[in-house]
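Worksheet: one structure, shown below.
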Amino acid sequence: MAAPMLHAVRGAARRVPRVSCRCLSGSPGFLAAVARRGLFQELFPPEGPGLPDLLLSGPQTVYCGFDPTADSLHVGNLLAVLGLLHFHRAGHHAIALIGGATAQIGDPSGRSLEREPLNPETLESNVRGVRDSLNRVFENYQVLHGGHAKPGATFNVLDNASWYRNRQPIEFLSSVGRHFRMGTMLSRHSVQSRLKTPEGMSLTEFLYQMFQAYDFYHLHQQHGCKIQLGGNDQLGNLMSGHEFIHKVTGEDVFGIMLPLITNTTGDKLGKSAGNAVWLNRERTSPFDFYQFFVRQKDSSVERFLKLFTFLPLEEIEKIMEQHVKEPEKRVPQKRLAAEVTKLVHGKEGLESAKRCTHALYHSRIDALEAMSDQELQELFQEAPFTESLFEPGTRVLDACLAVSAIPEGALLISSPVAV
């Protein structure tokens, strides 16, 4: 059955200025508390009788989208997940939306080239992997911090393929596309930046903002969702959703932009940049994940403690005071790594990362003995290896010589230990 036609409420589209969340940091309430951590960077429409009052009026529904362009989320996505968890912690309803449909289009935001199309098998695998990332982080959050959440809050993972699967293209364009104006769509930064490149922009990518806007509309109609989270490179898409919903329903909805995480050279962390730190163990081991945060510079660690953990700001301040007195102990980095690894990989994942760290960097034989086969493979996955079959009683020295692990003829002092 065809979806009902969407009828616009009279009134011209509005230009809505953004507002920095820094202006909220001095006011009371949940929004200000999270803004003081630096997690909420900008919001729209401007504060006043809008979003702050809406949040004080009762539990609200908030969503953030995750396109499954890989089979795992990465650290660059983690702040969006944390944003949802902060809302959940405050008693609101959080929706993590997997873009099983929109991943076939590809978000052009922050990209210089169009994404390669995904075949159905890869897309299905990616959706499963992203769902696993989201569910695992939420389950770990429940174990670690669930007792702090207000009762009644919910967390759901949805897939937008469920509402596009039976839509007909002509019907969709007729009922939805008529509410979008070319001039407004062309003015988006993501579009302008791509049109200036030699490759240009395909019609498929150009229409991505329309599909994301419709996602927001669908969640608004079906789940009462009035708030969308997104990285600060998502401004155009967020604004499209806001304008579309207001035009069709006459109601106001709100967007909150989150900071993008960059490396020391200022490049965005992510798959496209080729420097992703993944949330699924098959992509990035708990050890490598832990080490990523342990290696953060002093100039970044306080900000990351505020962004990536639920530690009270007062406790973070004390950690940093200790760091000033004893910088060689790297207390903030170790605490950051421990907190984020527990959230992503659970307590066992943190123990695994510590075992690998003690074995590799502290020469702890007991840690090496306690490591599982999986941990050994993860720890030495970048090392060259060979498989050989030896007779019982072969000496370790002979085995090493057979696989060229040591140069033949080298002067060695060894005991005749058999493998």
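Residue numbers run from 1 in the order of the sequence given.
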query: Could you go step by step and tell me if Gln296 and Leu336 meet the side chain to side chain contact (heavy atoms under 4.5 Å, CB included) rule?
result: CA-CA 9 Å; Gln296 290 302 313; Leu336 170 67; 4.2 Å; yes

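- Looking at Leu307 and Pro259, their side chains come closer than 4.5 Å, going by heavy atoms from C-beta outward.
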For residues 59-67, which side-chain N or O atoms pair as donor and acceptor with protein atoms under 3.5 Å away, sequence neighbours left out?
unit_1, atom_1, unit_2, atom_2, d
Gln60, NE2, Leu54, O, 3.2
Gln60, NE2, Ser57, OG, 3.4
Gln60, NE2, Gly58, O, 3.2
Thr61, OG1, His223, O, 3.4
Tyr63, OH, Gln228, NE2, 3.1
Asp67, OD1, Thr102, OG1, 2.8
Asp67, OD2, Tyr208, OH, 2.6

message: Checking Phe310 against His86 for the ring-ring contact (aromatic ring centres under 6.0 Å, His included) test, could you report, in this order, the C-alpha distance in whole Å, the side-chain angles of both residues, the deciding distance, and whether it holds?
response: CA-CA 9 Å; Phe310 292 98; His86 275 287; 4.8 Å; yes

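- In this structure a side-chain-to-backbone donor-acceptor pair under 3.5 Å is present from Thr249 to Ile245.
- Separating the CG atom in Asp298 from the CD atom in Gln333 is a distance of 5.0 Å, to the nearest 0.5 Å.
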query: Passes ring-ring contact (aromatic ring centres under 6.0 Å, His included), Phe172 versus Phe211? Steps please.
result: CA-CA 10 Å; Phe172 182 79; Phe211 284 91; 5.1 Å; yes

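- Without hydrogens or angle criteria, Asn140 side chain to Val137 main chain gives no donor-acceptor distance under 3.5 Å.
- Looking at Ile319 and Val301, their side chains never come closer than 4.5 Å, going by heavy atoms from C-beta outward.
- For the atom pair CD of Glu351 and NE2 of His345, the computed distance is 14.0 Å after rounding to the nearest 0.5 Å.
- Ring centroids of His88 and Phe138 are separated by less than 6.0 Å, placing the two rings close together.
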task: Kindly determine whether Leu78 and Leu82 satisfy side chain to side chain contact (heavy atoms under 4.5 Å, CB included), including the steps that lead there.
output: CA-CA 6 Å; Leu78 189 55; Leu82 283 162; 4.1 Å; yes

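- Between Gln322 and Pro332, the closest side-chain pair of non-hydrogen atoms is not below 4.5 Å.
- A donor-acceptor pair shorter than 3.5 Å can be found between the side chains of Gln234 and Asn237.
- Legend: salt bridge (charged side-chain N to carboxylate O under 4.0 Å, His left out) pairs involving residues 135-152, not counting sequence neighbours, sorted by first then second residue: Asp132-Arg136.
- Side chains of Asn232 and Gln41: a donor-acceptor N/O pair is present below 3.5 angstrom, by distance only.
- Remark: His92 pairs with Phe30, Phe87 by the ring-ring contact (aromatic ring centres under 6.0 Å, His included) rule, at least two apart or across chains.
- With sequence neighbours excluded, the residues satisfying side chain to side chain contact (heavy atoms under 4.5 Å, CB included) with Lys306 are Arg37, Glu302, Leu313, Ile316.
- We find the CD-CG distance between Gln104 and Leu118 to be 7.5 Å, quoted to the nearest 0.5 Å.
- Ion pairing between Glu243 and Arg181 fails under the 4.0 Å rule for side-chain N and carboxylate O.
- In this structure, Met257 and Leu235 have side chains that are in contact, with non-hydrogen atoms separated by less than 4.5 Å.
- For the pair Glu171 and Arg167, the salt-bridge criterion is met [side-chain N within less than 4.0 Å of a carboxylate O].
- With sequence neighbours left out, Ser125 forms a side chain to side chain donor-acceptor pair (under 3.5 Å) with no residue at all.
- None of Arg355, Lys354, Lys342 except one satisfies the salt bridge (Lys or Arg N to Asp or Glu O under 4.0 Å) rule with Glu348; the exception is Arg355.
- Among residues at least two apart or in separate chains, side-chain hydrogen bond (donor to acceptor under 3.5 Å, both in side chains) pairs with a member in residues 309-318 are Glu315-Arg335.
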task: Would you sort out whether Ile105 and Leu207 count as a side chain to side chain contact (heavy atoms under 4.5 Å, CB included), showing the intermediate values?
output: CA-CA 8 Å; Ile105 299 173; Leu207 292 177; 6.0 Å; no

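- Leu79 CG to Leu84 CG: the interatomic distance, rounded to the nearest 0.5 Å, is 11.5 Å.
- Under the 6.0 Å cut-off for aromatic ring centres, Phe180 and Phe244 qualify, their centroids lying closer than that.
- Salt bridge Arg283/Asp71: present, at least one basic N to carboxylate O contact under 4.0 Å.
- In this structure, CG on Leu134 lies 10.5 Å from CG on Leu158, to the nearest 0.5 angstrom.
- Every ring-ring contact (aromatic ring centres under 6.0 Å, His included) that Phe304 has, sequence neighbours left out, goes to Phe308.
- When only modelled atom types and interatomic distance are considered, Ser285 and Arg281 share no side-chain donor-acceptor pair under 3.5 Å.
- With ring centers used as reference points, Tyr217 lies under 6.0 Å from Tyr214.
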message: Does Ser72 form a side-chain hydrogen bond (donor to acceptor under 3.5 Å, both in side chains) with Glu282? I'd like the steps, not just the answer.
response: CA-CA 9 Å; Ser72 170; Glu282 295 75 17; over 6 Å; no

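- Side chains of Thr122 and Asn119: a donor on one and an acceptor on the other come within 3.5 Å.
- Scored by the side chain to side chain donor-acceptor pair (under 3.5 Å) test, Thr154 finds His93 as partners (sequence neighbours excluded).
- The aromatic ring centroids of His242 and Phe254 lie 6.0 Å or more from each other.
- Side-chain atoms of Ser193 come within 3.5 Å of backbone atoms of His189 as a donor-acceptor pair (strictly under, hydrogens ignored).
- In this structure, Asn156 has no side chain to side chain donor-acceptor pair (under 3.5 Å) partners at least two apart in sequence or on a different chain.
- Rounding to the nearest 0.5 angstrom, the gap separating the CZ atom in Arg188 from the CE atom in Met239 is 6.0 Å.
- For the pair Arg128 and Glu121, the salt-bridge criterion is not met [side-chain N within less than 4.0 Å of a carboxylate O].
- Scanning for ring-ring contact (aromatic ring centres under 6.0 Å, His included) contacts around His218 gives Trp163, with sequence neighbours left out.
- For the residue pair Ser240 / Gln212, no side-chain donor-acceptor distance below 3.5 Å is found, with atom types taken as modelled.
- When the ring-ring contact (aromatic ring centres under 6.0 Å, His included) test is applied to Phe206, no partner is found at least two apart in sequence or on another chain.
- The aromatic ring centres of Tyr290 and Phe287 sit 6.0 Å or more apart.
- Applying the side chain to side chain donor-acceptor pair (under 3.5 Å) rule to His220 yields the partners Glu251; only residues at least two apart in sequence or on another chain are considered.
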field: Verdict with supporting geometry, Arg131 and Asp159, side chain to side chain contact (heavy atoms under 4.5 Å, CB included)
entry: CA-CA 9 Å; Arg131 187 181 295 274; Asp159 183 350; 4.0 Å; yes

